[in-house]
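Note sheet for the following structure.
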Amino acid sequence: MPELPEVETVVRDLNQSGICGCRIKAVTIKWPRTIDGSTPEAFTEAVRGKTIKLVQRRGKYIIIHLCNENRIYIHLRMTGKLQMHPKEFQAGKHDHVVFTLNSGRQLVFNDTRKFGRITMSAEVPPNVAALGPEPLEREFTKAWLQAALSGKSRAIKPLLLDQSFIAGLGNIYVDEALWQARIHPERNSRTITHAEADGLHRAIRTVLKRGIKNSGTTLGNGESNFYSVAGHRGRNADQLKVFRRDGEPCPACGTTIQRLVVGQRGTHICPQCQG
DNA sequence: AGTCTTGTTCGACT
DNA sequence: CAGTCGAACAAGAC
């Protein structure tokens with residue numbers, strides 16, 4: 001499940017692969033519904049022959065800047081992957097869009113469940129414009145979080161998953177951050193004290209930075225799992241304290257970790273630490 | 001057969 | 001009217 005650290009890993013790997021300066025020689029779209037906001041024909045027309053200037057991340061979006069002011073916005077959703085093949089290859093069942101670069105390499109968008117979307121636009125798309133602050137940038141401060149939490153009145157977990165509140169968090173890192181901050185996922189944001197908000201601020205940054213340092217979280221062995229550009233697994237799964245560890249002892253106090261459902265999402269807590 | 005996954009959209013409710 | 005929240009949806013693996 002690509003969240004901020006996984007998307008950041010992909011963006012870094014793409015930049016490291018030397019993709020900037022490459023020209024997109026051809027685009028093959030095998031599953032047209034992957035392309036959002038324009039027809040596959042218009043997409044191909046706008047992208048073909050253009051040079052890639054820059055790859056960056058905003059929230060869970062990968063943004064590829066082209067030389068003609070157009071940008072390609074890629075959202076991996078649950079099972080989307082970008083992979084770089086050194087030369088032409090036989091596209092597999094879940095390879096939906098193939099970008100052939102002038103070096104002969106092929107950048108492939110692969111997505112088992114077909115939820116991922118690719119948009120091309122010179123304007124910032126509405127849902128990207130609506131994203132909340134980046135938790136690893138300076139704009140995300142303790143003072144902002146304190147004020148923002150007291151300005152809302154919702155369960156803290158669904159609020160943190162709301163991309164217009166804060167960008168980039170998903171189910172894994174929210175559970176991990178709330179455990180570290182010792183806050184129950186159903187606590188109303190308005191009741192969270194300033195001291196708790198400070199702890200949550202630190203926890204969010206800690207779990208995200210750790211995730212990036214470990215090149216993301218790859219949970220199982222299935223092909224629908226997260227793998228970065230070169231096919232590498234993330235090493236962060238071992239660092240998870242509660243996510244999908246129900247039945248195991250809490251690393252802090254030894255109490256058995258519980259699974260519950262909050263806002264229709266599977267949620268993992270230590271009932272002692274987060275009571 | 002049912003569950004699980006993300007984020008958006010829509011409708012209901014306060 | 002604004003904020004909140006649940007249901008539905010897309011698609012396939014397990």
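Within every chain, numbering begins at 1; the chains are lettered A, B, ... in the order of the sequence lines, protein sequences first and strands thereafter.
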Taking atom P of C:dA13 as reference, at what distance in whole Å does atom CG of A:N110 sit?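 Taking CG of A:N110 and P of C:dA13, I get 11 Å after rounding.
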
Could you tell me how far apart A:L161 (CG) and B:dT9 (C1') are, to the nearest whole angstrom? 17 Å

Where at least one partner belongs to residues 248-275 of chain A, residue pairs that pass ring pair (Phe, Tyr, Trp, His ring centres under 6.0 Å), sequence neighbours excluded: A:F243-A:H268

Is there a side-chain polar atom (N or O) of A:H94 under 4.0 Å from OP1 or OP2 of C:dA11?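 No, outside the criterion.
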
N/O-N/O pairs, protein side and nucleotides 3-9 of chain C side, under 3.5 Å:
{"unit_1": "C:dT4", "atom_1": "OP1", "unit_2": "A:S153", "atom_2": "N", "d": "2.7"}
{"unit_1": "C:dC5", "atom_1": "OP2", "unit_2": "A:R154", "atom_2": "NE", "d": "3.1"}
{"unit_1": "C:dA7", "atom_1": "N7", "unit_2": "A:Q264", "atom_2": "NE2", "d": "3.1"}

Could you identify which residues of residues 234-248 of chain A place a heavy atom less than 4.0 Å from some atom of DNA chain C, listed by residue number, or say none? none

Using the side chain to side chain donor-acceptor pair (under 3.5 Å) criterion, which residues pair with A:E69? Sequence neighbours excluded.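 Once residues adjacent in sequence are excluded, A:E69 has no partner under the side chain to side chain donor-acceptor pair (under 3.5 Å) criterion.
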
Residues which pass side chain to side chain donor-acceptor pair (under 3.5 Å) with A:R12, listed by chain and number, not counting sequence neighbours: A:E8

Considering only heavy atoms, which members of residues 113-130 of chain A lie under 4.0 Å from some atom of DNA chain B?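 Contacts with DNA chain B under 4.0 Å: A:R113, A:N127.
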
Using a 4.0 Å cut-off on heavy atoms, which residues in residues 73-83 of chain A reach DNA chain B? List them by number, or say none. A:H75, A:R77, A:M78

DNA chain B nearest-nucleotide lookup for A:S164 and A:G266: closer to the 5′ end is A:G266

Which dot-bracket string describes DNA chain B (Watson-Crick N1-N3 plus N6-O4 or O6-N4, or G-U N1-O2 and O6-N3, all under 3.5 Å; [ ] crossing; | other strand)? .|||||||||||||

Strictly under 3.5 Å: I want the nitrogen or oxygen pairs between protein and nucleotides 11-14 of chain B, one per line.
none

With A:H75 via ring pair (Phe, Tyr, Trp, His ring centres under 6.0 Å) - residues at least two apart: A:Y61

Can you give the donor-acceptor pairs under 3.5 Å from side chains of residues 251-267 of chain A to other protein atoms, not counting sequence neighbours?
{"unit_1": "A:T267", "atom_1": "OG1", "unit_2": "A:K157", "atom_2": "NZ", "d": "2.9"}
{"unit_1": "A:T267", "atom_1": "OG1", "unit_2": "A:R265", "atom_2": "O", "d": "2.9"}

Should A:E134 and A:R57 count as an ion pair when the cut-off is N to O under 4.0 Å? yes

Residues clustered with A:F89, ILVMFWY side-chain links under 4.5 angstrom: A:V98, A:V108

